[in-house]
Amino acid sequence: RAFNQAEYLFVSLSLFLSSGFVLLGVCATLMLGSLLFTMGVKEVIFEGVMAWVHFNPVELVTAAVGALDRFLLGMVCLVFGLGSFELFLSRTKFNQGDLQKPAWLRISSIDDLEHRVGQIIVAIMVVNLLEMSLHMSYNAPLDLVWAALAAVMSAGALALLHYAAGHGDHNHKDKGGHDSGAGLLH
């Protein structure tokens, strides 16, 4: 009997302490996401506006792509932080009428979280491909073939993610019958 109580106390204390570490990770991830969003805004304000003032379209597109990269990385942190909280720390089961969570926050397993973060990472890779293509010098015709092949493979990765999520029928309803939208995070 005493051994069972000691074991129960040990498991309870371990779970409480590990949830504290998870909460620290969630807070740090959300803070990092906020910093990335503010870096994106700063890039738009300073670099984008300066490129617009100097009427330099290449620098304007470069600033836009850089800002999109920061925003997407911020979204990864946001989705991962809130998804981790939802999976590991949220003990409250809300009724349908109490709180309507957005579709991207309805995470029920590690696989759901991994899939949502993976979608955003593929979008980041597409944005980085666009940024690299802006600064790439095409010296031979084969360079254009490689660039086109990279674009086609990126589109294929996005299509595979779309169909792997079960959205091939263009029905964007979640399991509860709610319209989850046609965005990246559905």
Side-chain angles (χ1 to χ4, degrees), residues 1-47 65-129 131-132 154 157-158 160-167 172-186:
R1 175 116 174 115
F3 178 74
N4 287 342
Q5 287 179 339
E7 181 181 18
Y8 176 79
L9 200 71
F10 174 74
V11 170
S12 297
L13 183 65
S14 298
L15 287 174
F16 178 75
L17 292 176
S18 64
S19 66
F21 284 120
V22 171
L23 183 61
L24 283 174
V26 166
C27 291
T29 304
L30 294 176
M31 187 167 47
L32 180 60
S34 300
L35 292 173
L36 284 164
F37 278 117
T38 56
M39 280 182 70
V41 169
K42 180 183 161 222
E43 193 160 351
V44 167
I45 291 173
F46 292 113
E47 294 179 25
V65 169
L68 283 176
D69 198 27
R70 305 303 176 274
F71 293 144
L72 286 170
L73 280 171
M75 285 179 60
V76 166
C77 292
L78 184 69
V79 168
F80 182 78
L82 292 176
S84 296
F85 180 83
E86 182 76 14
L87 280 176
F88 299 113
L89 299 174
S90 179
R91 289 179 172 78
T92 308
K93 299 298 180 200
F94 294 103
N95 294 332
Q96 284 290 352
D98 291 343
L99 177 68
Q100 291 294 327
K101 291 185 256 180
W104 59 269
L105 191 53
R106 293 185 195 126
I107 295 173
S108 59
S109 69
I110 293 285
D111 289 337
D112 285 347
L113 182 61
E114 183 180 86
H115 180 73
R116 288 192 181 17
V117 169
Q119 286 177 321
I120 301 171
I121 288 174
V122 169
I124 290 171
M125 291 171 51
V126 170
V127 169
N128 285 335
L129 177 67
E131 187 174 23
M132 286 179 7
S154 296
L158 288 172
L160 282 174
L161 278 173
H162 183 74
Y163 287 110
H167 298 297
H172 298 289
K173 303 266 187 213
D174 62 7
K175 293 175 187 156
H178 299 85
D179 187 15
S180 62
L184 177 67
L185 300 173
H186 61 283

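Position 1 is the first residue of the sequence, and the numbers go up from there. Note that the structure is a prediction, hence the values are computed from the model and not measured.
- Nearest heavy atoms, S84 versus V26: CB-CG2, 3.9 Å.
- In this structure, CG on L72 lies 8.5 Å from CZ on F37, to the nearest 0.5 angstrom.
- Between C77 and L36, some side-chain heavy-atom pair lies under the 4.5 Å cut-off.
- Paired with I124 under the rule side chain to side chain contact (heavy atoms under 4.5 Å, CB included), one option of V122, V127, I120 passes, and it is I120.
- Nearest heavy-atom pair, G40 versus A67, reported as atom, atom and distance to 0.1 Å: O-CB, 3.7 Å.
- Between atom CE of residue M132 and atom CE of residue M125 there is a gap of 10.0 Å, rounded to the nearest 0.5 Å.
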When you look at F71 and V41, which way does the side chain to side chain contact (heavy atoms under 4.5 Å, CB included) test go after all the steps? CA-CA 9 Å; F71 293 144; V41 169; 4.1 Å; yes

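- Pairing each heavy atom of S154 with each of L129, the nearest pair is OG-CD2, 3.4 Å.
- If you take CG on L35 and CG on L73, they are separated by 12.5 Å, rounding to the nearest 0.5 Å.
- Judged purely by atom type and a 3.5 angstrom limit, S19 uses its side chain to pair as donor or acceptor with the backbone of F16.
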Trace of the side chain to side chain contact (heavy atoms under 4.5 Å, CB included) decision for F80 with R116: CA-CA 9 Å; F80 182 78; R116 288 192 181 17; over 6 Å; no

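- When all heavy atoms of I107 and E86 are compared, the closest pair comes out as O-CG, 3.7 Å.
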